[in-house]
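Report on the structure given below.
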Amino acid sequence: DEHFYSQKTFRLIVNLEEKLVVKKKQSFDDIVTLAYPVTPPGPTPDYTVGYRKGPSANPKGSLVQGQSVKVKDGMIFDVTPSDKS
């Protein structure tokens, strides 16, 4: 059981902002929440999540709702609202 004080944090860059997370695996929803902590009012927009500089198992790619990805220090995420009109 990992104690909080010894827990590793991962430094992620989400939409050019530095964010610290403690979970090695981040879900689509986790990343969207880091990018947009306050959801805009109205219907929930769909998001496109792309990443790069990931670990060798998943160096780059994209995430969709329901997926998770292993992260590493310095990993970069780009989250953009994608309007389906």
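These figures come from a predicted structure and were not determined experimentally. Computation of the quantities below employed the complete heavy-atom set of this structure, encompassing side-chain atoms and omitting hydrogens, waters and symmetry-equivalent molecules.
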### Query
Of the non-hydrogen atoms in K23 and F10, which two are nearest, and what is the gap between them?
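The pair with the smallest heavy-atom distance is O-CD1, 3.8 Å.
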
Compile the donor-acceptor pairs under 3.5 Å between side chains in residues 50-60 and protein atoms, sequence neighbours left out, one pair per line.
{"residue": "R52", "atom": "NH1", "partner": "D78", "partner atom": "OD2", "Å": "2.6"}
{"residue": "N58", "atom": "ND2", "partner": "K70", "partner atom": "O", "Å": "3.0"}

Just how far is it from atom [atom1] of [X] to atom [atom2] of [Y], taken to the nearest 0.5 Å?
| X | Y | atom1 | atom2 | result |
| --- | --- | --- | --- | --- |
| Q65 | Y47 | CD | OH | 11.0 Å |
| T33 | F28 | OG1 | CZ | 9.5 Å |
| Q26 | F77 | CD | CZ | 7.0 Å |
| R11 | K19 | CZ | NZ | 13.5 Å |

### Query
Would you find more than 12 non-hydrogen atoms of other residues, nucleotides or ligands less than 6.0 Å from L16 atom CG?
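Counting neighbours around CG of L16, 12 or fewer heavy atoms of other residues, nucleotides or ligands fall under 6.0 Å, so no.
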
### Message
Which Ile, Leu, Val, Met, Phe, Trp or Tyr residues join I76 in one cluster when any pair of side-chain heavy atoms under 4.5 Å counts as a link?
### Response
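Under the 4.5 Å side-chain rule, I76 groups with I13.
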
So [Y] and [X], do their side chains get closer than 4.5 Å, heavy atoms only?
| X | Y | answer |
| --- | --- | --- |
| L12 | I31 | yes |
| K8 | D73 | yes |
| D30 | V21 | no |

#### Entry: M75 vs V69, side chain to side chain contact (heavy atoms under 4.5 Å, CB included): CA-CA, chis, key distance, verdict
CA-CA 11 Å; M75 195 164 171; V69 70; 4.2 Å; yes

